[in-house]
Student: 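I'd like to ask you about the structure that follows.
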Amino acid sequence: MNAEIVTNCVVLGFDCKRIQKTISLLGLEAEHGQHAERLRSEFIEGKAEALVSSCLDALAPYEDFLLIKENIGVESFKERWIDYLCGFGQNFDTPKYFEDRLGIAVAWAHKRVPLGVLHLQHCLIQQALVDSLLIQCKLNPKTVWPLVDCIFKITSLSMYLTVEGYHLVEVDELQKTLDRLNKEASQLHQKVATDQLTGVLSYSTLMDTLERQVNKAKQNGSSLCVVMADLDFFKKVNDTYGHLVGDIVLKLTARRIQAAIRSFDMIGRFGGEEFVIILENTDLALAKIIAERIRLGIAGTPFHAKKFEIDITISLGMAMLKKDDHLETLLERADAAMYKAKKNGRNRVAVADNLEATS
Ligand SMILES: Nc1nc2c(ncn2[C@@H]2O[C@H](COP(=O)(O)OP(=O)(O)OP(=O)(O)O)[C@@H](O)[C@H]2O)c(=O)[nH]1
């Protein structure tokens, strides 16, 4: 058994205690070891290949047998079963026996040998051993029965371990699938959470974040400001330099805003050329300083996009959370302030009417 399989056994709690329980459930006892030894020496030795061949002949017409041919090869499958018969029930009460049978089952599961075929094969082997026993010896029922009983018990144990081995592989594969899906989900989440062009929060994440911040500020009685920032005459940038240059300007705008705010402030894309900045634990006076810093960050230096040098300005509207505010009213007031800034000549910061602001 390789290390991975041993680890899987441990993960599933396939320990000695469980082995002992299975053995006792099947009614396997020390005397079955002796019966198995007798079966091997008197009824299997020298006949293992013929017994296995007869079983495989019976299996051959079965549709799924084709998969054995394709996935593992009939010869190698046959060899496994000859080995199994030659060691029939030998050391069945040791962990190593369990590990070996499990290891073989795991290997078969990886090779996509159908479990149904293995089940049938176990039944056929069982049948072949019983037939051979009854045909070949003239033992009285008292002597035959313990041997038949031993055949049933050992093959049942073997089938049980085969199913366990398949179970290990299935659990392992399910875990891998789960890991892959989790990874995909987090990548998808990351994609949805971020605006693909500018790298700032997407609209939906921005709204979720703002909603959480509003609730938190109301609960704690802390101050919260929102800044709505909208580039001035951005249509003209697109019209003059083209849409691709417009995209570059948007990316650079996001970067400049990020450089102007504090590390814990949040910025998201609200619409085309419109951004929202969330300022937690911030009153209007401080928010105004930050908004001014943003304005200067944009207007202070021309934008370099492709071969062009473009002067850009931005208008900003600010609002502070009021007692009876909710997400929408807070944004509406910041938006109204931003339009006021536009109306008053652009490239400026305007404050929403905040007479009822909480302090
Ligand atoms: N390049 C680019 N342009 C965009 C994007 N999203 C929106 N726009 C453009 O942004 C422009 C917004 O124009 P308007 O709403 O008229 O605003 P404006 O020209 O900035 O004028 P004011 O806001 O009044 O100063 C439109 O031309 C949109 O096509 C985008 O992702 N990339």
Side-chain angles (χ1 to χ4, degrees), residues 187-211 225-261 265-279 284 287-320 327-354:
Q187 280 168 348
L188 212 62
H189 178 76
Q190 178 72 17
K191 215 171 169 181
V192 172
T194 316
D195 175 61
Q196 293 303 293
L197 177 66
T198 60
V200 299
L201 298 182
S202 66
Y203 177 81
S204 61
T205 315
L206 174 71
M207 290 297 114
D208 289 347
T209 310
L210 186 55
E211 178 137 47
C225 281
V226 158
V227 178
M228 184 80 81
D230 187 291
L231 289 176
D232 296 328
F233 302 122
F234 185 61
K235 185 174 179 310
K236 222 165 127 189
V237 174
N238 274 335
D239 292 348
T240 313
Y241 305 100
H243 207 267
L244 283 181
V245 170
D247 280 355
I248 296 172
V249 169
L250 285 174
K251 276 191 225 174
L252 293 173
T253 300
R255 236 183 266 171
R256 287 193 188 189
I257 296 177
Q258 245 153 353
I261 60 182
D265 295 329
M266 312 286 265
I267 166 177
R269 191 163 173 207
F270 191 67
E273 20 63 280
E274 209 166 353
F275 297 87
V276 163
I277 300 105
I278 307 170
L279 306 171
L284 271 177
K288 185 137 200 275
I289 294 171
I290 296 168
E292 269 300 329
R293 216 158 56 203
I294 295 173
R295 189 189 67 76
L296 277 173
I298 302 290
T301 320
F303 281 58
H304 294 276
K306 293 202 182 271
K307 54 185 189 304
F308 306 108
E309 200 171 274
I310 312 165
D311 285 315
I312 306 273
T313 60
I314 196 163
S315 297
L316 305 107
M318 306 166 17
M320 188 162 106
L327 171 77
E328 286 80 13
T329 52
L330 178 64
L331 279 173
E332 270 166 26
R333 289 187 305 109
D335 199 42
M338 188 269 290
Y339 276 104
K340 195 159 80 181
K342 292 258 182 201
K343 212 172 127 205
N344 291 343
R346 294 183 171 78
N347 188 21
R348 66 195 62 224
V349 178
V351 184
D353 174 17
N354 242 78

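For ligands, and for the atoms within them, numbers begin at 1 and follow the listed sequence.
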Student: After noting the C-alpha distance and the side-chain angles of L197 and R269, does the key distance pass the side-chain contact (heavy atoms from CB on, under 4.5 Å) rule?
Tutor: CA-CA 10 Å; L197 177 66; R269 191 163 173 207; 3.7 Å; yes
Student: Donor-acceptor pair, distance only, cut-off 3.5 Å: does the side chain of S202 make one with the backbone of D195?
Tutor: no
Student: Return the residue, atom name and 0.1 Å-rounded distance of the protein heavy atom closest to atom 13 (O) of ligand 1.
Tutor: K235 CB, 3.6 Å
Student: Would you please indicate yes or no on a ring centroid separation below 6.0 angstrom for F270 and F275?
Tutor: no
Student: I'd like to know if the side chain of R333 reaches the main chain of M320, judged simply by a donor and an acceptor atom lying under 3.5 Å from each other, with no hydrogens or angles considered.
Tutor: yes
Student: Can you tell me if R256 uses its side chain to pair, donor with acceptor, with the backbone of T301 under 3.5 Å?
Tutor: yes
Student: Write out the residue and atom name of the closest protein heavy atom to atom 6 (N) of ligand 1, then the distance separating them to 0.1 Å.
Tutor: G272 CA, 3.2 Å
Student: When you measure from atom 31 (O) of ligand 1 to every protein heavy atom, which one gives the shortest distance, and what is it?
Tutor: R269 NH2, 2.8 Å
Student: Between R346 (side chain only) and D232 (backbone N and O only), is there a donor and an acceptor less than 3.5 Å apart?
Tutor: no
Student: Could you identify the single nearest non-hydrogen protein atom to atom 24 (O) of ligand 1 and state the distance to 0.1 Å?
Tutor: R346 NH2, 2.9 Å
Student: So which heavy atom in the protein is nearest atom 23 (O) of ligand 1, and how far is it from that ligand atom?
Tutor: K342 NZ, 2.8 Å
Student: For ligand 1, find out whether one of its N or O atoms is nearer than 3.5 Å to an N or O atom of D230.
Tutor: yes
Student: Report the part of L250 (side chain from C-beta onward, or backbone N, CA, C, O) that has a heavy atom under 4.0 Å from ligand 1; answer both or neither where that applies.
Tutor: side chain
Student: Decide yes or no for I314 and D230: does some side-chain heavy atom of the first lie under 4.5 Å from some side-chain heavy atom of the second?
Tutor: no
Student: By number and element, which atoms of ligand 1 are closer than 4.0 Å to a non-hydrogen atom of G246?
Tutor: 1 (N)
Student: Which residue supplies the protein heavy atom nearest to atom 20 (O) of ligand 1, what is that atom called, and how far is it?
Tutor: F234 N, 2.7 Å
Student: Minimum distance, heavy atoms only, to atom 32 (N) of ligand 1: which one of D247, I312, V249 is it?
Tutor: D247
Student: Is there a donor-acceptor pair closer than 3.5 Å between any side-chain N or O of R255 and the backbone N or O of K251?
Tutor: no
Student: When you measure from atom 9 (C) of ligand 1 to every protein heavy atom, which one gives the shortest distance, and what is it?
Tutor: N238 ND2, 3.3 Å
Student: Walk me through it: do D265 and I278 pass the test side-chain contact (heavy atoms from CB on, under 4.5 Å)?
Tutor: CA-CA 6 Å; D265 295 329; I278 307 170; over 6 Å; no
Student: Check ligand 1 against L231 and write out every atom of the ligand that is under 4.0 Å from a heavy-atom position of the residue.
Tutor: 20 (O), 23 (O), 25 (O)
Student: How far is atom 15 (O) of ligand 1 from its nearest protein heavy atom, and which residue and atom is that?
Tutor: E273 OE2, 4.3 Å
